[in-house]
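Below is one structure; the comments refer to it alone.
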Amino acid sequence: MFGLCLQEGTIDPAPGAIFLRERWQDAAPSATVDEQQLSLELEADAEIHADSYALRRLGYRRLLGRGMPADPVTAFQDFMAAADGGDGYAWHNLGVMLLQGAHVSRSPSKALTYFQRALDRGVAASANALGVMHAVGLGVPASMDAARGWFEQGANMSSSEAYYNLGTIYRHGLGVTPDAAAAYSNFAKSHKLGHWKAALPIAELHMKAAGAGGLTYNCELASQHLWQFVSARPSVWAELMSAALRDYHATGTYVARAPPQ
């Protein structure tokens, strides 16, 4: 979810919002597989065949310490070898590490190049990454027009993050005339593609944008989307909000609850 809007009128490029990409994250969800067994199989496959896909998967697990000791230096080398073999997702992961300065010297200019190489190989997340970099001026002059173009390209490739950022642009008028209908359309597409956070602005637009862009006040839909947003957050406040919403649906009244000490 590279570049989520965390407060009104901004697109956040903080490292916490940047994720490495596995191929399934830009397509269908992956099957549940035993991590240790998978890592062993990938090690053997990479050693025997030097396959770029296996090397990238191996690098992903080495970097995060999944099924094997964490080894960021070797992970970077795995990603580089996979990228040299033509794997676009490996180029994206290299870009993420360089942009974050994650176990390597931070270099937005190199990250920009690597995201472009990943995009050239069909990685939708990289179009969104390029959009965020142009929006906030990371390695390039800040330009919302250029950012919007990258987000549109990512959206055309079915990136939920790119749709979300387009929604943010149109909702808050970042370089464009505010357009509630366009914002809602992009947030809805982002939500359909699985972006958990898109449910919140959808709920807010149902509550606040009555009549704007053809949208109408709809408390029921707002409540449904707010419930979806809260349910997706694995935290104490999410549990409290979920309980409050359940009380409201059952009794019509919110019940205040103290957080656990």
Side-chain angles (χ1 to χ4, degrees), residues 1-19 26 99 108 112 115-116 119 124-233 237-238 241 245:
M1 290 177 286
F2 183 92
L4 302 184
C5 176
L6 298 184
Q7 58 186 357
E8 184 169 324
T10 67
I11 297 174
D12 175 49
I18 304 169
F19 286 91
D26 287 84
L99 189 59
L112 194 79
F115 285 139
Q116 183 63 68
L119 179 59
S126 293
N128 182 71
L130 289 165
V132 173
M133 292 183 75
H134 281 81
V136 299
L138 284 172
V140 291
S143 169
M144 286 306 304
D145 285 342
R148 188 171 69 255
W150 289 115
F151 291 145
E152 288 171 349
Q153 185 169 347
N156 288 335
M157 298 169 72
S158 298
S159 166
S160 64
E161 293 97 337
Y163 273 122
Y164 186 95
N165 284 333
L166 282 173
T168 299
I169 284 174
Y170 284 107
R171 183 183 183 192
H172 300 293
L174 303 179
V176 296
T177 301
D179 186 333
Y184 184 90
S185 175
N186 282 290
F187 284 133
K189 290 172 182 176
S190 177
H191 184 255
K192 186 176 181 180
L193 287 167
H195 199 312
W196 69 270
K197 196 173 183 181
L200 180 60
I202 291 173
E204 292 174 341
L205 284 167
H206 276 302
M207 292 295 292
K208 299 178 181 178
L215 299 178
T216 57
Y217 175 86
N218 191 319
C219 186
E220 181 178 356
L221 284 176
S223 178
Q224 290 174 4
H225 283 90
L226 180 59
W227 180 282
Q228 292 171 13
F229 170 74
V230 170
S231 299
R233 299 300 295 139
W237 71 263
M241 284 293 293
L245 284 169

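One-based numbering along the sequence shown.
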Between [atom1] on residue [X] and [atom2] on residue [Y], distance to nearest 0.5 Å:
X: Tyr184; Y: Leu205; atom1: OH; atom2: CG; result: 8.0 Å
X: Asp145; Y: His134; atom1: CG; atom2: NE2; result: 11.5 Å
X: Gln153; Y: Leu130; atom1: CD; atom2: CG; result: 8.5 Å
X: Asn165; Y: Glu152; atom1: CG; atom2: CD; result: 12.0 Å
X: Lys197; Y: Thr168; atom1: NZ; atom2: OG1; result: 8.0 Å

According to side chain to side chain contact (heavy atoms under 4.5 Å, CB included), who are the partners of Leu193, at least two apart in sequence or on a separate chain? Ser158, Ser160, Tyr163

Side chain to side chain contact (heavy atoms under 4.5 Å, CB included) against Ser185, all qualifying residues, sequence neighbours excluded: Lys189

Strictly by salt bridge (charged side-chain N to carboxylate O under 4.0 Å, His left out), give each pair with a member in residues 166-177 just once, sequence neighbours left out. Arg171-Glu204

Asn128 side-chain N/O to Ala162 backbone N/O, donor-acceptor pair under 3.5 Å: yes

Which atom names give the shortest non-hydrogen contact between [X] and [Y], and what distance separates them?
X: Leu119; Y: Trp150; result: CD2-CZ3, 3.3 Å
X: Pro108; Y: Met133; result: O-CE, 3.3 Å
X: Ala142; Y: Ala135; result: CB-O, 4.0 Å

What residues form a ring-ring contact (aromatic ring centres under 6.0 Å, His included) with Phe187, not counting sequence neighbours? Tyr164

Would you call Asn186 and Phe151 a side-chain contact if the rule is heavy atoms closer than 4.5 Å? no

